[in-house]
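Below: the structure, in structure tokens.
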Amino acid sequence: MYVAVKGGETAIAHSLHLIADRRRGDRDLAELTLEQIDQQLGLAVDRVMTEGSCYDRRLAALAIKQARGDLIEAIFLLRAYRTTLPRFGDSEPLDTARMVAERRISAAFKDVPGGQVLGPTYDYTHRLLDFSLAVAADRPEAPTAPADTAHALPHVGDILAREGLLEPPPEATGERPDDLTRHPLSLPADRPLRLQNLARGDEGFLLALGYSTQRGYGNNHPFVGEIRYGHVPVAFIPEELGFAIEIAEIDVTECDMVNQFAGSHDVPPQFTRGYGLAFGHAERKAIAMALVDRALRARELAESADSPAQDEEFVLAHSDNVEASGFVQHLKLPHYVDFQSELVVVRALRAEVEERNRRAAEQAVTLSQAAE
Amino acid sequence: MSAPTLSSPLLSARNVTKRFGGRVACQDVSFDLWPGEVLGIVGESGSGKTTLLNCLAGRLTPDEGSVTYETASAGAVDVHRLSEARRRLLTRTEWGFVNQDAREGLRMGVSAGANIGERLMAVGARHYGEIRGSAADWLARVEIDADRLDDRPTTFSGGMRQRLQIARNLVSGPRLVFMDEPTGGLDVSVQARILDLLRGLVEHLHLSAVLVTHDLGVARLLTHRLMVMQGGAVIEDGLTDQVLDDPQHAYTQMLVASILPV
Amino acid sequence: MPDTSITEGAYNYAYLDEQTKRMIRRAILKAVAVPGYQVPFGGREMPLPYGWGTGGIQVTAAIIGRDDTLKVIDQGADDTTNAVSIRRFFAHVADVATTTRTEEATIIQTRHRVPETPLKGGQILVFQVPIPEPLRMLEPRETETRTLHALSEYGVMQVSLYESIARHGRISKSYNYPVQVNGRYIMSPSPIPKFDNPKLDRSPALQLYGAGREKRIYAVPPYTPVKSLDFDDHPFEIERWNECCAFCGSTESFLDEMIVDDAGKRLFVCSDTDYCEGRR
């Protein structure tokens with residue numbers, strides 16, 4: 001008799017044992033350490049921290065290990081931990097102009113103040129499998145110039161803005177942005193809320209949406225004004241001190257997208273901004289986020305808004321992979337009560353149709369007999 | 001509250017002005033619409049006639065001026081000062097709105113019957129048989145075969161969709177109907193049939209209507225009175241026959257001259 | 001690895017921190033005050049996936065105390081995997097007594113069913129809700145559905161029922177059948193079969209509905225009228241079976257159909273396992 005869905009206590013206990021066993025794999029091989037994951041799968045750690053919205057490399061590494069490398073599962077684990085943490089305050093806004101950049105490029109200008117710094121990037125690697133990586137070996141360290149910590153790195157966007165070519169950065173209103181992790185998303189959303197949502201949003205989803213804008217679904221002619229990756233200090237003002245102290249240094253990737261804007265009757269043509277920010281080194285995410293941010297400003301800039309990436313409700317409601325993954329996979333849960341209800345209705349409807357057809361057939365026979 | 005008499009207009013616009021950014025879409029428009037009257041607003045595309053219509057129907061809020069409507073039971077109301085709840089109630093009971101594109105005015109995913117019945121259900125009708133009966137009756141009045149009652153408008157021709165949209169609006173017995181190019185984009189023969197139908201319904205039901213069209217032939221056939229718009233302003237108005245037979249303004253003369261005599 | 005932040009002691013009683021619980025209780029109070037109205041609340045990530053009952057779990061976590069007795073059912077049964085998992089979760093994080101007996105429970109968290117045994121005053125029924133917005137499939141935009149509720153513009157819901165009759169000769173909606181609460185808000189009863197709808201009407205128990213992913217809580221206070229939408233000439237009706245339960249012989253309960261052999265032989269049994277066992 002088929003009773004698999006009614007597993008109960010024992011079945012779950014066995015399943016938990018099995019997953020732990022599969023996680024460990026072949027016992028003859030050394031167990032992964034969190035340090036190894038942090039150091040050697042660092043980009044995975046970056047993604048889990050970004051979408052898990054929790055900057056803690058060690059917790060993210062643990063989540064990746066526990067999830068056996070399933071990053072969405074790892075993000076979920078980290079979120080479910082983060083949500084229980086007490087808050088003791090908000091940090092000051094990051095000043096990314098103070099970034100000690102490992103990488104910083106502009107696609108809009110050949111050279112920029114502070115220089116183009118290529119840094120570590122896959123962009124110019126040949127995607128040939130490197131079989132020398134298949135075995136452990138001593139790998140030489142890369143020669144690096146000492147980081148320039150003395151000079152601030154001006155934003156390319158600010159240089160354009162001074163000329164009036166690019167819209168100024170939004171002015172600080174002093175208003176505290178709403179917090180998506182504490183309050184439900186309320187629509188229509190403002191830009192701080194949208195950016196929060198996008199920063200937590202699934203990289204694949206944003207990538208597809210950003211891509212769709214490039215293919216004509218809400219195009220806004222983007223240029224990477226600047227993308228930078230490096231370390232920035234985090235400052236916090238404890239109430240008892242009353243002035244800012246640095247409490248940490250974190251790695252972030254920031255993308256300033258410069259987009260065409262035709263101008264209007266009152267406003268002369270001017271470039272507009274799209275913005276992306278991610279923890280760690282995550283350029284794909286930051287660029288896609290900046291494209292979608294700009295697309296979502298369509299209404300504000302009085303552009304027509306009929307493409308998916310410009311549809312605030314559509315984008316914001318579906319960007320979160322923890323929500324999406326849970327709901328899509330809940331289809332695995334039993335639905336047999338609902339299905340039973342459907343069965344009863346469909347059977348009744350089918351019976352009615354069959355009965356009607358039968359009567360029609362009888363009538364036809366009677367009529368043809370009468371005609372004879 | 002006394003019933004509106006001939007001495008009180010059904011709809012009054014006073015100095016209605018609407019701008020989009022720096023562009024003035026319609027400027028300082030005033031008029032009175034009397035019960036049973038059909039007012040035409042004509043002009044080329046971009047002249048501001050649709051913007052004006054949307055301001056009158058409460059779909060756009062004018063920057064200046066007011067629109068007053070004489071309700072059936074609650075006296076005169078300022079359309080733009082009503083609560084959203086009351087304005088929406090008005091738009092689905094005493095008013096109708098016929099869009100140029102029937103797809104905007106219909107629910108394309110449900111049957112013709114449901115489309116017609118919606119307004120009845122929205123105000124509390126809960127007897128399926130009676131709702132269906134009214135829907136069938138209205139389908140007949142707009143000359144659509146009874147056996148199409150359960151078909152979706154996606155399977156209808158353009159002319160049928162437009163007639164369905166008219167039925168969907170009229171089922172609740174509105175007193176005032178706004179129409180935006182109701183025959184635009186349809187074949188000439190289809191147009192003629194709809195115009196005929198509209199003229200019959202307006203007369204029969206003693207409807208008041210504001211009709212926007214760029215087609216002076218449509219205006220002549222359906223309207224009692226005309227306003228000619230150019231660049232957002234009303235440049236000439238009067239009885240339809242008078243305006244069309246003896247245009248005073250140079251622009252109106254050009255408009256009239258540019259159409260073939262009917 | 002001496003890192004205490006990763007140990008189990010890091011979690012509060014009933015998993016959620018006390019501030020979050022207060023926030024949820026405030027949302028619940030508002031929901032009770034405005035029956036059927038969907039109250040937005042700051043839903044948290046839970047250690048169980050969205051769509052698997054996070055809304056119900058948050059509601060339960062916010063109201064549960066050590067004196068409570070918890071029952072969890074899924075599809076009417078206490079022993080389905082998801083019910084077991086949630087019951088274990090609360091036994092673990094809230095140190096609470098659990099039961100399968102409907103009459104013993106002070107809190108019953110459910111997915112897709114209302115128990116057959118009539119509920120009593122003082123009991124709380126917590127529903128897990130996937131899509132709280134009853135108008136969602138007719139109007140996808142939140143800004144618009146919110147307006148429709150605010151203005152009681154429910155014509156579109158009736159249109160969908162009309163359409164169902166026009167198409168099938170009857171209202172074919174079989175579960176998640178829309179109701180009107182206290183003559184005002186139209187509400188999704190969650191995907192319970194319409195068979196259970198009459199049990200919601202004027203129930204002595206408090207009904208709380210939690211939607212985790214959509215971050216909404218709504219409620220039906222005790223003894224509140226709950227009417228299933230219908231037409232005068234097509235009144236609401238519930239499912240009926242020609243069979244009776246193969247185990248307890250009940251002809252009045254919701255029956256699950258099971259295929260018991262490869263030839264497709266069917267057996268009908270009560271969906272509510274506690275009710276069924278109590279009758280044997």
Side-chain angles (χ1 to χ4, degrees), chain B residues 58-59 82-93 95-96 104-136 138-139 144 146-155 164-165 167-169 171-172 174, chain C residues 34 37 133-173 177-187 194 197 201 225-237:
Chain B
R59 293 181 164 197
L82 281 180
S83 66
E84 191 184 356
R86 280 199 61 201
R87 187 161 60 237
R88 284 170 77 131
L89 182 67
L90 203 59
T91 58
R92 61 173 194 260
T93 51
W95 289 3
E104 284 173 25
L106 293 173
R107 281 190 197 281
M108 298 302 283
V110 299
S111 64
N115 265 287
I116 302 176
E118 178 166 354
R119 276 177 167 234
L120 301 174
M121 289 182 263
V123 294
R126 289 293 179 269
H127 192 283
Y128 175 82
E130 288 170 14
I131 295 164
R132 195 175 166 76
S134 301
W138 269 99
L139 211 59
I144 296 176
D147 62 2
R148 304 303 301 271
L149 188 61
D150 293 334
D151 293 345
R152 294 184 181 176
T154 43
T155 66
L164 179 61
Q165 192 192 182
R168 173 176 161 89
N169 271 281
V171 65
S172 64
Chain C
V34 192
Y37 171 73
E133 179 49 72
L135 305 171
R136 179 61 68 239
M137 297 306 155
L138 310 167
E139 170 53 62
R141 295 194 170 271
E142 175 71 16
T143 36
E144 180 62 16
T145 50
R146 221 158 50 192
T147 308
L148 296 179
H149 281 295
L151 305 180
S152 298
E153 271 189 39
Y154 291 134
V156 59
M157 178 57 88
Q158 210 69 27
V159 164
S160 79
L161 300 181
Y162 173 100
E163 194 63 5
S164 183
I165 302 176
R167 208 148 290 277
H168 304 297
R170 61 162 79 186
I171 298 173
S172 59
K173 195 150 182 60
Y177 191 105
V179 296
Q180 187 159 34
V181 181
N182 207 25
R184 176 59 179 87
Y185 286 98
I186 286 192
M187 182 188 95
K194 63 179 177 178
N197 274 24
D201 184 32
V226 175
K227 182 184 186 313
S228 302
L229 300 182
D230 60 0
F231 286 96
D232 299 345
D233 48 343
H234 284 266
F236 173 79
E237 52 186 24

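Remember, it's a predicted structure, so these values are computed and weren't measured experimentally. Scope of the values below: all heavy atoms of this structure, side chains included, with no hydrogens, waters or symmetry mates. Lettering follows sequence order; numbering is per chain, from 1.
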Discussion item. Could you work out, with side chain to side chain donor-acceptor pair (under 3.5 Å) as the rule, every residue matching C/Ser160, not counting sequence neighbours?
Written reply: none
Item to complete: Identify the heavy atoms of C/Glu163 and B/Ala114 that sit nearest to each other, and give their distance.
Response: OE1-CB, 3.2 Å
Practice prompt. Please name the pair of heavy atoms, one in B/Ser111 and one in C/Tyr162, separated by the smallest distance, quoted to 0.1 Å.
Written response: OG-CE2, 4.0 Å
Fill in: Pairing residues for C/Asp233 by the side chain to side chain donor-acceptor pair (under 3.5 Å) criterion, not counting sequence neighbours
B/His127
Item to complete: Apply the test side chain to side chain contact (heavy atoms under 4.5 Å, CB included) to residues B/Arg126 and C/Gln158: give CA-CA distance (whole Å), side-chain angles for both, the deciding distance (0.1 Å), then the verdict.
Response: CA-CA 8 Å; B/Arg126 289 293 179 269; C/Gln158 210 69 27; 3.4 Å; yes
Worksheet item: Would you say B/Arg107 and C/Val156 make side-chain contact, with heavy atoms under 4.5 Å?
Response: yes
Worksheet, complete the sentence: Contacts of C/Tyr154 meeting side chain to side chain donor-acceptor pair (under 3.5 Å) (sequence neighbours excluded), chain-then-number -> C/His149
Discussion item. Tell me which one of C/Leu161, C/Ile165, C/Ile171, C/Asp230 satisfies side-chain contact (heavy atoms from CB on, under 4.5 Å) with B/Tyr128.
Written reply: C/Ile165
Discussion item. Checking an interface table here. Which of residues 83-93 of chain B come within a heavy-atom distance under 4.5 Å of chain C?
Written reply: B/Glu84, B/Ala85, B/Arg88, B/Arg92
Worksheet item: With no hydrogens and no angle check, is any side-chain donor or acceptor of B/Glu118 less than 3.5 Å from a backbone partner on C/Gly155?
Response: no
